[in-house]
Amino acid sequence: KADSGDVVIILHKAHHLLAGAGVEPDAEEALRLLKIAEGKGSKLNAALTYAYIYDKGIGVAPDKQKAAENKEKLRNTDFLRGGRTITELSIEYGDVLPPDKEWLDNLKKELRQPAK
């Protein structure tokens with residue numbers, strides 16, 4: 001199901017706070033908001049955001065283990081079936097988060113491989 005309007009706003013605010021886009025960066029508040037979005041059912045967007053920020057060190061210290069755990073959560077989701085998400089679009093086009101279409105493409109290739 002698509003994210004409700006309030007979850008979309010929460011996700012966008014978290015992305016802005018992580019990237020410092022138009023606001024003072026605040027990773028602690030961003031992570032709190034991501035947890036709220038995840039609790040409201042936005043598990044795909046939350047996992048993709050966590051994977052990206054921990055992989056790239058955006059607003060947080062890089063943490064390959066946390067990135068890997070969240071990437072694995074995406075394995076059997078609409079992320080691989082072509083469902084376009086708020087987070088995916090933000091990463092692909094640099095809407096708020098820094099753009100990195102190559103990262104997205106590589107993640108999809110990685111997740112299409114059998115789990116290790």
Side-chain angles (χ1 to χ4, degrees):
K1 89 179 181 17
D3 289 322
S4 66
D6 63 329
V7 174
V8 170
I9 292 168
I10 291 167
L11 285 164
H12 273 294
K13 187 170 184 181
H15 292 172
H16 277 82
L17 289 167
L18 285 162
V23 297
E24 189 68 33
D26 187 341
E28 186 176 326
E29 178 64 3
L31 294 174
R32 186 185 76 77
L33 290 172
L34 282 173
K35 195 158 237 19
I36 290 170
E38 188 174 27
K40 288 182 175 269
S42 190
K43 295 185 184 333
L44 192 157
N45 275 298
L48 183 56
T49 301
Y50 286 130
Y52 190 59
I53 65 172
Y54 283 116
D55 214 22
K56 307 288 270 178
I58 299 166
V60 296
D63 186 324
K64 297 300 181 187
Q65 180 62 37
K66 285 183 182 178
E69 288 167 7
N70 283 285
K71 287 176 182 180
E72 194 55 38
K73 290 178 185 179
L74 296 167
R75 186 173 295 281
N76 296 306
T77 67
D78 285 341
F79 177 67
L80 290 178
R81 292 190 286 273
R84 307 287 285 173
T85 70
I86 296 157
T87 302
E88 184 176 358
L89 292 171
S90 184
I91 295 168
E92 186 171 335
Y93 297 107
D95 176 34
V96 176
L97 294 171
D100 197 335
K101 185 171 180 345
E102 183 179 357
W103 183 88
L104 284 170
D105 292 343
N106 288 337
L107 176 58
K108 286 181 179 183
K109 286 177 194 167
E110 176 185 330
L111 292 175
R112 286 188 176 107
Q113 301 300 314
K116 293 178 184 175

Rounded to the nearest 0.5 Å, what's the gap from [atom1] on [X] to [atom2] on [Y]? Could you check?
X     : Y     : atom1 : atom2 : answer
His15 : Asp95 : NE2   : CG    : 9.5 Å
Thr85 : Glu92 : OG1   : CD    : 10.0 Å
Ile86 : Leu11 : CD1   : CG    : 5.0 Å

Heavy atoms, side chains only, cut-off 4.5 Å: are [X] and [Y] in contact?
X     : Y     : value
Lys66 : Lys71 : no
Leu97 : Tyr52 : yes
Leu44 : Leu74 : yes

When you measure from the side chain of [X] to the backbone N and O of [Y], does any donor-acceptor pair fall under 3.5 Å?
X      : Y      : answer
Asp78  : Arg81  : no
Tyr93  : Glu88  : no
Arg112 : Leu107 : no
Arg32  : Ala14  : no
Ser90  : Val96  : yes
His16  : His12  : yes
Ser42  : Glu38  : no
Asp55  : Ala67  : no

- Message: Is there a path of hydrophobic side-chain contacts, each under 4.5 Å between heavy atoms, that joins Leu17 and Ile91?
- Response: no

- Item | Same apolar cluster: Leu18 and Val23, side chain cutoff 4.5 Å | no

How close do [X] and [Y] get, counting heavy atoms only, and between which atoms?
X      : Y     : result
Ile10  : Leu33 : CG2-O, 3.3 Å
Pro114 : Arg75 : C-NH1, 4.2 Å
Pro25  : Gly20 : CG-CA, 3.8 Å
Leu89  : Arg84 : CD2-NH2, 3.2 Å

- Ile36 vs Val7, side chain to side chain contact (heavy atoms under 4.5 Å, CB included): CA-CA, chis, key distance, verdict: CA-CA 8 Å; Ile36 290 170; Val7 174; over 6 Å; no

- Where does the angle between the aromatic ring planes of Tyr50 and Tyr54 fall among parallel (under 30°), tilted (30 to 60°) and perpendicular (over 60°)? parallel

- Step by step, work out the side chain to side chain contact (heavy atoms under 4.5 Å, CB included) result for Leu48 and Asn70. CA-CA 7 Å; Leu48 183 56; Asn70 283 285; over 6 Å; no

- Query: Between Asp105 and Lys108, does at least one N-O distance fall below 4.0 Å, as a salt bridge requires?
  - Reply: no

